[in-house]
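Notes to accompany the following structure.
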Amino acid sequence: MSEDQIKLKAQVQPNAKRNEILGFEDGILKVKVCAQPVKGKANRELIDFLSKILGIRKSDITIEKGETGRKKTILLERITQSQIEERLNNLES
């Protein structure tokens, strides 16, 4: 894994009223997505949402583990840990 690749652990709640980043809890990013967990819709919505929030291409986001579960390991490319933290902190402001 290179310097501009980050593995991110996330817990995703599908079928929410809106897409929302709840923040980190014990090193796990809590995310709500409005898509249903049917035929990969929630995963696609998660990738699209993270792409917009973090300012990276959808192709730079890969779900490595947990495609069918709520707990996921996501590989983010072309972004650093400090950039992720800065962009997520800007959401709260």
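Note: hydrogens, waters and symmetry copies are ignored here, and every other heavy atom, side chains too, is used. On a predicted model such as this, the values are computed, not experimentally measured, just so you know. In what follows, residues are counted from 1 in the order of the sequence shown.
- For the pair K9/L29, no side-chain contact is recorded, criterion being any heavy-atom separation below 4.5 Å from C-beta on.
- Annotation: the span from I53 atom CD1 to E20 atom CD amounts to 10.5 Å, rounded to 0.5 Å.
- The side-chain heavy atoms of I61 and L75, taken from C-beta on, include no pair separated by under 4.5 Å.
- Remark: R44 pairs with no residue by the salt bridge (charged side-chain N to carboxylate O under 4.0 Å, His left out) rule, at least two apart or across chains.
- Here the straight-line distance linking atom CD of Q81 with atom CD1 of I79 works out to 9.0 Å at 0.5 Å rounding.
- At least one side-chain heavy atom of E45 sits under 4.5 Å from a side-chain heavy atom of C34.
- Contact check for D60 versus L54: no side-chain heavy atoms found under the 4.5 Å cut-off.
- Note that CD of Q13 and CG of L46 are 12.5 Å apart. Values are rounded to the nearest 0.5 Å.
- Expressed to the nearest 0.5 Å, how far OG of S82 lies from CG of N89 amounts to 11.0 Å.
- Hydrophobic clustering of Ile, Leu, Val, Met, Phe, Trp and Tyr side chains at less than 4.5 Å, counting indirect connections, keeps L91 apart from I28.
- To the nearest 0.5 angstrom, L50 atom CG is 8.5 Å from I63 atom CD1.
- Going from atom CD of E85 over to atom CZ of R87 covers 12.0 Å, rounded to the nearest 0.5 Å.
- Side-chain contact check for Q11 versus E25: every heavy-atom pair is 4.5 Å or farther apart.
- Counting non-hydrogen atoms of other residues, nucleotides and ligands closer than 6.0 Å to NZ of K30 gives a total above 12.
- Contacts of D48 classified as side chain to side chain contact (heavy atoms under 4.5 Å, CB included), with partners at least two apart in sequence or in another chain: K52, K58.
- Looking only at side-chain heavy atoms (C-beta outward), S59 and E77 stay at 4.5 Å or farther from each other.
- Across A35 and P14, no two heavy atoms sit closer than the pair O-CB, 3.5 Å.
- Applying the salt bridge (charged side-chain N to carboxylate O under 4.0 Å, His left out) test to E64 and every residue at least two apart in sequence or in another chain returns K7.
- Residues L22 and K32 are in side-chain contact: their nearest non-hydrogen atoms beyond the backbone lie under 4.5 Å apart.
- Counting heavy atoms from C-beta on, the side chains of V33 and N43 never come closer than 4.5 Å.
- For the pair K72 (side chain) and A10 (backbone), a donor-acceptor distance under 3.5 Å is absent.
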